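Report on the following structure.
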Amino acid sequence: MAKKAASSDSASTARMFEFHEGTSDKFWEITLSGTSHTVRYGRIGTDGQSGTKDFGTEAKALADYEKLIKQKTGKGYAEVTGQSDSRAVRIQTSRATAKEREPFIKSILETPDDPAPYLVYADWLEDNGDARGELIRIQWQLEDESIKAVERKKLQTREQALLKAHQADWLEDLSDDLINQKGPEDLLWGNEKKFYRWEFARGLLDSLHVTYLLPEFSALLRKSPAAATLRRLVIRDPSNAYSLEDIEAYADKEWDEDDAPALKMLNGTKFGNMRHFEVSEEEAFNCHCSAPSVHNLVKQMPRLETLHLDAHELNIQAIFRLQLPELRSLKLQHTARRYPLEVLAKNESMGKLESLYLWPHALDYDDEDDGAYINLEGFRALCRSKNLPSLKHVHLFLTDFGDQGVTELVNSELLPRLKSLSLANGAISDEGARLLSEADLSGLEELDVSGNYLTRTGVALIKKAFPKVKAGEQHTGNPADEREHLFHGDIE
């Protein structure tokens, strides 16, 4: 009779077990019902799969039920005794309340640097028993630089405790990849580097660093609520079609060989709070990715302040036309096509742009007759533009405007505003050096004319006017004939 009573009790309640270790984040659930039991199992955050088995008698069903539970607990599965203890239940609950959270997130995005909407959201979270409300309050307090060291340490300790206990739930669908550093085993360096680094700020996922972007993760990020509030995204390698073909999980797919497929998959994602977006390999002078459509992704970043792209085949004209009223820093490298600065010069939305850094690909032999990728026409427009009043740092490499460009610069309203100027690897001769030496350089803090065509006389002229100038590795001969300066860039 005792066994029958146990069977009756267990028939009405499913028993849930979870396993969290290393890269494993799994659940296993069993429900006993009369002469049968149903098992459901899978990765936490998914519905998993299930199966029912009938044993003919209640006693046999109960015996197998208890045997399976013993096996699972012996493998490290722990029984979940309440909803608050179950990650699977917490994820389901989080998804169920997503609609209720939308008005709070919308309010935050309207004024993303105002603490008020965050604190209203914190109130609502705390009323619903969500510890993220406390994290929001703590992280806003930590932004106050006047907090004393002892209090700051106390807040930081509590912050780390909250993150350790709850960040897996707050990362939602991204949790499995981020926490378990999920990636293909046949990726050559997959076990040597972390795929992801991330940080929370103001209670939300704030910064994400992706070492190797894969299509599967792009699909997750595109539909993740975190995309809307993310402020910083750095992608070191967006994975090209050729590298994906070497990974077994993607080998049978058809990829666009002229693009970075995983990066392209993010196009259309609304990154409404993004401030820093970067696609940049760790190797300074080598680039292995093409991103001709990345401007479509950047379109969805209206609050962007820093844009850094190291890639081939960029549509630079489209990038220079983007409406980015908050952009402060623009850095583009490695593309072997013309950089139409006259388009940027006409962009009225770029009024806050402070830093411009352009380093093209080394001149392709097929383009030798067309000249440098940064030319006099574009530089003249930049110098004369009325739409870039905040520009203070100009770094242009591999140019051919030479002394004519220097003439434009010294006669412009741009030069007196500049704090740093680099015209390295250009076609400036001693005449350009003389023009610079006679100009007012009092506002400059940095000047680099390395890799031009200055003689010792020209270098001495500039050094007399600006002693801190960088003027090493000068070329010899006529720049129009030699053109050595145009090959000091990425050559792949």
Side-chain angles (χ1 to χ4, degrees), residues 295 305-307 314-333 335 337-360 370-449 452-454 462 465-466 469 479-480 485-486:
H295 58 280
E305 297 175 4
T306 299
L307 177 59
L314 294 175
N315 187 334
I316 300 175
Q317 181 162 280
I319 292 171
F320 283 171
R321 283 180 173 157
L322 289 170
Q323 298 300 295
L324 298 172
E326 301 299 324
L327 194 68
R328 267 75 167 177
S329 177
L330 176 60
K331 183 175 184 179
L332 307 177
Q333 295 193 114
T335 288
R337 58 177 58 175
R338 187 165 173 264
Y339 288 57
L341 285 169
E342 65 276 11
V343 175
L344 179 66
K346 292 177 182 177
N347 191 332
E348 296 179 359
S349 79
M350 297 283 192
K352 292 184 180 180
L353 185 66
E354 297 178 0
S355 177
L356 179 64
Y357 185 107
L358 306 177
W359 193 330
D370 298 324
Y373 300 125
I374 300 176
N375 62 20
L376 180 61
E377 178 187 355
F379 188 64
R380 177 184 290 121
L382 184 75
C383 290
R384 297 181 182 185
S385 176
K386 302 295 184 182
N387 297 317
L388 305 169
S390 302
L391 199 56
K392 296 174 184 151
H393 307 278
V394 172
H395 300 259
L396 306 179
F397 300 81
L398 280 61
T399 66
D400 70 354
F401 49 70
D403 298 340
Q404 289 179 282
V406 174
T407 300
E408 286 288 339
L409 180 63
V410 299
N411 291 326
S412 73
E413 296 178 4
L414 174 61
L415 182 59
R417 296 201 309 268
L418 293 181
K419 297 294 183 185
S420 65
L421 172 65
S422 176
L423 299 176
N425 297 311
I428 300 170
S429 72
D430 284 359
E431 173 60 17
R434 182 189 66 77
L435 291 169
L436 280 172
S437 69
E438 294 174 356
D440 181 5
L441 305 180
S442 59
L444 278 180
E445 297 171 0
E446 297 178 23
L447 176 61
D448 187 350
V449 291
N452 280 271
Y453 290 79
L454 307 184
I462 295 186
F466 194 88
V469 67
H485 59 289
L486 297 181

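Predicted model only: the values in this text are computed from it and were never measured.
- Proximity of a side-chain donor or acceptor of R417 to a complementary backbone N or O of P389 within less than 3.5 Å is detected.
- Between D400 and N375, the shortest heavy-atom contact is OD1-CA, 3.4 Å.
- Side-chain contact between F320 and L330 is present, with heavy atoms from C-beta onward closer than 4.5 Å.
- The pair E342-R380 does not count as a salt bridge, with every side-chain nitrogen at least 4.0 angstrom from each carboxylate oxygen.
- Ring geometry for F397 against W359 counts as parallel: the plane angle stays under 30°, on a 0 to 90° scale with 60° as the upper cut.
- At least one side-chain heavy atom of L409 sits less than 4.5 Å from a side-chain heavy atom of F379.
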Would L415 and L441 count as a side-chain contact (heavy atoms from CB on, under 4.5 Å) here? Give the steps. CA-CA 8 Å; L415 182 59; L441 305 180; 4.3 Å; yes
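- Every residue meeting the side-chain contact (heavy atoms from CB on, under 4.5 Å) condition with E305, not counting sequence neighbours, appears here in chain and number order: R275, E326, R328.
- Here the closest heavy-atom approach between residue A465 and residue S437 is recorded as CB-O, 3.5 Å.
- Using a 4.0 Å cut-off between charged side-chain N and carboxylate O, R434 and E438 make a salt bridge.
- Side-chain contact between I462 and L454 is present, with at least one heavy-atom pair separated by less than 4.5 Å.
- Using bins of under 30°, 30° to 60° and over 60° for the plane-to-plane angle, the ring pair H395/H393 lands in the parallel bin.
- The minimum heavy-atom distance between N347 and N387, with the atom names listed, is O-CB, 3.6 Å.
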